[in-house]
Amino acid sequence: MAGNWKMYKTAAETAAFFDKFKPLVEKSDHCDIVICPTFPNLPAAVDAAKGSAIEIGGQNLFWEKEGAYTGEVSGPMLVAVGARWVIIGHSERRHYFAETDQTVLKRTVAALAAGLHPIVCVGERIEQREAGKTEEVLHDQFTGGISALAPEQFAKIVIAYEPVWAIGTGEKCDDEEANRVCGLVRRLLAQVWGAEKAQGVRVLYGGSVDAQNAPGLMRQPEVDGGLVGGKSLIADDFEKIVRAAQQGKGMG
Ligand code: PGA
């Protein structure tokens, strides 16, 4: 269960969140819990998460290790501050910062080389869904990007299916549909790396996940977890979502 904090929270707010959230999830060992704050707040988050199983991730990385790339942050730099995960190709990055499937692939390879767990985002926009192109879009995002990974690289990635129209909108993708498309993502993976390996990859659903809809979503067999934006900023809500995964997967 990963929280994407986007461009929210100062270091002080980060510390306050962890003060509240840590005791709430103390006994939640049924899943990985990951929080992805802004770059400047990574050290505060790593520090605050100490003594818990909560892991910290970045929201992006650049594929070179270092160099004259103003404004960018590399995989080794994320690792050096204690991050273990990184979100790649989020739709906001694709939309506002012109990321493509090719740059998503480069970032994914760089993340793996640095020893980070990449959470690679895919998903269709509303006009693509309305035109009946969801499958095609996912297929293109996949073949234009991460399908070039070698089997040993692929085994380490997590995929997040995030229908763009459901991100930050309160617009709900219903449970069966989330399950259907996460299943479709898994079939795309299976076509390249085989069904058994594809079964082992964690496929997350993201887009307006909250404490109310999380139980239904987490009960879906193809949905292994969630990438949560807005509600991951609120300790009580995120804890309920973490708990929903436990119940949904029959782990408690
Ligand atoms: P949301 O964001 O939960 O606020 O819809 C999800 C995401 O962008 O990862």
Side-chain angles (χ1 to χ4, degrees), residues 1-9 13-14 17 21 31-39 41-42 45 54-61 83-99 104 107-108 111 116-126 128-129 134 137-138 141 145-146 157-175 177-179 181-182 185 202-218 220 223-245 248:
M1 192 60 71
N4 173 11
W5 277 8
K6 310 193 180 189
M7 202 172 71
Y8 291 103
K9 289 197 195 290
E13 288 163 349
T14 300
F17 171 91
F21 185 63
C31 68
D32 289 326
I33 304 174
V34 181
I35 303 267
C36 301
T38 59
F39 290 140
N41 292 326
L42 284 168
I54 305 162
E55 296 188 336
I56 305 303
Q59 297 174 17
N60 182 29
L61 87 174
R84 309 247 349 247
W85 297 76
V86 63
I87 299 169
I88 295 176
H90 189 276
S91 63
E92 287 150 16
R93 300 284 328 160
R94 292 176 188 257
H95 182 67
Y96 298 118
F97 304 98
E99 288 203 15
V104 168
R107 289 176 211 275
T108 305
L116 292 160
H117 300 287
I119 302 172
V120 180
C121 303
V122 294
E124 82 287 0
R125 298 194 305 271
I126 188 66
Q128 295 169 322
R129 167 159 288 257
T134 300
V137 168
L138 290 170
Q141 288 177 342
I146 53 170
I157 66 172
V158 172
I159 308 270
Y161 165 59
E162 298 204 305
V164 180
W165 47 272
I167 295 178
T169 56
E171 197 68 46
K172 190 178 177 277
C173 178
D174 68 46
D175 302 345
E177 183 57 10
N179 189 57
V181 185
C182 286
V185 168
R202 286 177 280 183
V203 181
L204 314 181
Y205 168 80
S208 294
V209 176
D210 60 25
Q212 282 71 45
N213 64 29
L217 286 162
M218 292 308 133
Q220 303 306 311
V223 179
D224 296 320
L227 180 55
V228 186
K231 298 299 178 193
S232 72
L233 294 159
I234 307 160
D236 286 329
D237 286 70
F238 198 39
E239 185 272 333
K240 286 193 186 101
I241 296 168
V242 168
R243 198 142 32 88

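The analysis underlying the following values was restricted to heavy atoms, covering all of them including side chains, and did not include hydrogens, waters or symmetry mates. In listed order, ligands and their atoms are each counted from 1. Throughout, residue positions are numbered sequentially from 1 according to the sequence presented.
A side-chain donor-acceptor contact under 3.5 Å links Q59 to the backbone of C36. Of the possible donor and acceptor atoms, none in the side chain of W5 sits under 3.5 Å from a partner among the backbone N and O of I35. Under the 3.5 Å distance criterion, the side-chain polar atoms of Q128 are matched with a main-chain donor or acceptor of R125. Side-chain atoms of K9 do not come within 3.5 Å of backbone N or O of P37 as any donor-acceptor pair.
Summarising the local packing, CZ of R93 is surrounded by more than 12 heavy atoms from other residues, nucleotides or ligands at distances under 6.0 Å. Other residues, nucleotides and ligands contribute only 12 or fewer heavy atoms inside 6.0 Å of the OH atom of Y8.
For ligand 1, the atoms closer than 4.0 angstrom to any heavy atom of G168 are 1 (P), 4 (O), 5 (O). Which parts of ligand 1 touch G207 is read off a 4.0 Å heavy-atom cut-off, strictly below it: atoms 5 (O). Close approach of ligand 1 to H90 is summarised as follows: ligand atoms under 4.0 Å from at least one heavy atom of the residue are 7 (C), 8 (O), 9 (O). Atoms of ligand 1 found under 4.0 Å from any heavy atom of S208 (numbered from 1 in listed order, with element): 1 (P), 3 (O), 5 (O). Atoms of ligand 1 found under 4.0 Å from any heavy atom of K6, numbered from 1 in the order shown, are 2 (O), 7 (C), 8 (O).
Among protein heavy atoms, atom 9 (O) of ligand 1 sits closest to E162 OE2, 2.7 Å. When only non-hydrogen protein atoms are considered, atom 3 (O) of ligand 1 lies nearest to G229 N, 2.8 Å. Remark: minimum distance from atom 4 (O) of ligand 1 to any protein heavy atom is reached at G230 N, 2.9 Å.
Not a single heavy atom of G206 sits under 4.0 Å from any atom of ligand 1. Heavy atoms of A166 come nearer than 4.0 angstrom to ligand 1 in at least one pair.
At a heavy-atom cutoff of 4.0 Å, ligand 1 is contacted by no atom of C121, backbone or side chain. At a 4.0 Å heavy-atom cut-off, ligand 1 touches I167 through backbone and side chain alike.
In this structure, OG1 on T14 lies 9.0 Å from CG on L42, to the nearest 0.5 angstrom.
Counting all heavy atoms, side chain and backbone alike, I87 lies closest to C121 at CG2-SG, 3.7 Å.
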